[in-house]
Amino acid sequence: MILYSFPSSPFGCKVKAVILVCDQAENITIEEFHPWQPDAFFRELNPLGKIPVLKINSKEAIFDSSVICEYIMDKSGNTQALMPEKFKSLKIQALVDGMADAAVSMRYERFFRPKHSQCDDWYDRQCLALTYGLHYLNSHLEITLSQKILFENLCVSTFLSYIDLRFPEAPFRKNYQTLYCWYDEYMQNHPFLESTKAKDHPIPSNIMRLQK
Ligand SMILES: N[C@@H](CCC(=O)N[C@@H](CS)C(=O)NCC(=O)O)C(=O)O
């Protein structure tokens, strides 16, 4: 199987953590693909043009990250172990994916959109989703997260690595200390997850640029 992803993608990092924990690294090759590259072949796999995508055989590919994670957990027989309280896990995933949508959108707004057409109101609205989400996790930590290898914990840890990477100046570590203490302890307890952190990576030169 081939996973198309990019090292900085928070959604891709979540899938990579599940691949590792489910011991599937030998069965899945990771291919770097930036979603803003010319994409005729890629749209055949995912009409939405988004990463991550898991090509499971010569004809079939699955997306999005939530479906890919369930597919890997299911096929490797790990669903019950990683999601003993399935709807709790899925709720946290929905929250974190929504925050990741907001954070990626903020990044695109500032990085891909030309300065003169950037919209501060749009950016601020995405930032609200991100900060309310962080606040929710920070104040419900006892009932949402633990130090165990569970799907919801992997969703949050990989997402926070993306926030550290892309918003290093933001006051999130200062404002949500309970959450970040949990995160730092989690990474210390599970050093093998270091490789699942979001990483900066040179962007291919042939990506599409927004002109207007
Ligand atoms: N709901 C999707 C979101 C994936 C997503 O937004 N990926 C970003 C990269 S981190 C992307 O491919 N963006 C390209 C685009 O929006 O056109 C998932 O969970 O897989």
Side-chain angles (χ1 to χ4, degrees), residues 1-19 21-22 24 28 30-56 60-74 82-83 86 89-114 117-119 122-123 125-127 129-130 133 151-168 196-212:
M1 291 186 279
I2 302 173
L3 178 76
Y4 292 92
S5 190
F6 202 71
S8 54
S9 167
F11 303 98
C13 291
K14 175 181 63 170
V15 172
K16 286 174 192 168
V18 168
I19 290 174
V21 163
C22 293
Q24 291 302 300
I28 300 175
I30 296 175
E31 275 208 19
E32 274 161 27
F33 179 78
H34 193 282
W36 290 50
Q37 281 173 272
D39 59 3
F41 94 93
F42 193 70
R43 296 257 175 191
E44 291 286 317
L45 302 177
N46 179 359
L48 304 176
K50 295 188 179 200
I51 54 162
V53 166
L54 183 68
K55 192 172 175 193
I56 54 177
E60 261 182 293
I62 52 174
F63 52 87
D64 67 27
S65 62
S66 58
V67 182
I68 299 173
C69 287
E70 278 217 56
Y71 179 85
I72 296 168
M73 289 189 270
D74 195 60
L82 291 176
M83 297 202 286
K86 187 167 180 179
S89 302
L90 293 181
K91 177 182 166 179
I92 305 285
Q93 172 175 236
L95 174 68
V96 173
D97 281 0
M99 292 159 75
D101 281 333
V104 168
S105 176
M106 288 162 70
R107 162 85 180 158
Y108 286 169
E109 184 69 14
R110 290 288 186 260
F111 191 78
F112 284 108
R113 205 186 284 277
S117 57
Q118 289 181 15
C119 174
W122 171 257
Y123 186 91
R125 175 141 184 97
Q126 305 309 313
C127 193
L130 175 56
F151 182 56
E152 58 266 33
N153 300 326
L154 299 173
C155 292
V156 176
S157 68
T158 48
F159 172 66
L160 290 181
S161 79
Y162 176 77
I163 295 298
D164 270 352
L165 175 71
R166 290 297 184 228
F167 303 92
T196 68
K197 280 184 170 178
K199 283 169 207 67
D200 218 355
H201 195 76
I203 293 189
S205 53
N206 61 344
I207 62 162
M208 204 183 98
R209 286 279 173 195
L210 297 174
Q211 303 294 345
K212 293 178 190 161

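Just so you know, ligand 1 is whichever comes first in the structure, and atom 1 is the first atom listed for that ligand.
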Next item on the list: Flag the pair R125 and E109 as a salt bridge only when some basic side-chain nitrogen lies within less than 4.0 angstrom of an acidic carboxylate oxygen.
Entry: no
Margin query: Tell me whether K197 is salt-bridged to D164, with the criterion being a basic N under 4.0 Å from an acidic carboxylate O.
Written below: no
Next item on the list: Tell me, with the steps shown, if K86 and E70 meet salt bridge (Lys or Arg N to Asp or Glu O under 4.0 Å).
Entry: CA-CA 11 Å; K86 187 167 180 179; E70 278 217 56; 3.4 Å; yes
Short N or O contacts of ligand 1 with protein, under 3.5 Å, listed by atom name?
{"from": "ligand 1", "atom 1": "1 (N)", "to": "D64", "atom 2": "OD2", "distance (Å)": "3.0"}
{"from": "ligand 1", "atom 1": "7 (N)", "to": "I51", "atom 2": "O", "distance (Å)": "2.8"}
{"from": "ligand 1", "atom 1": "12 (O)", "to": "I51", "atom 2": "N", "distance (Å)": "2.9"}
{"from": "ligand 1", "atom 1": "13 (N)", "to": "Y108", "atom 2": "OH", "distance (Å)": "3.0"}
{"from": "ligand 1", "atom 1": "19 (O)", "to": "S65", "atom 2": "N", "distance (Å)": "3.3"}
{"from": "ligand 1", "atom 1": "19 (O)", "to": "S65", "atom 2": "OG", "distance (Å)": "2.6"}
{"from": "ligand 1", "atom 1": "20 (O)", "to": "S65", "atom 2": "N", "distance (Å)": "2.8"}

Next item on the list: Return the orientation label for the Y4 and F33 ring planes: parallel under 30°, perpendicular over 60°, tilted otherwise.
Entry: perpendicular
Next item on the list: Apply side chain to side chain donor-acceptor pair (under 3.5 Å) to the pair S65 and K14, showing each step before the final yes or no.
Entry: CA-CA 8 Å; S65 62; K14 175 181 63 170; 2.9 Å; yes
Check: Looking just at side-chain N and O atoms, do S66 and Q93 make a donor-acceptor pair shorter than 3.5 Å?
Finding: no
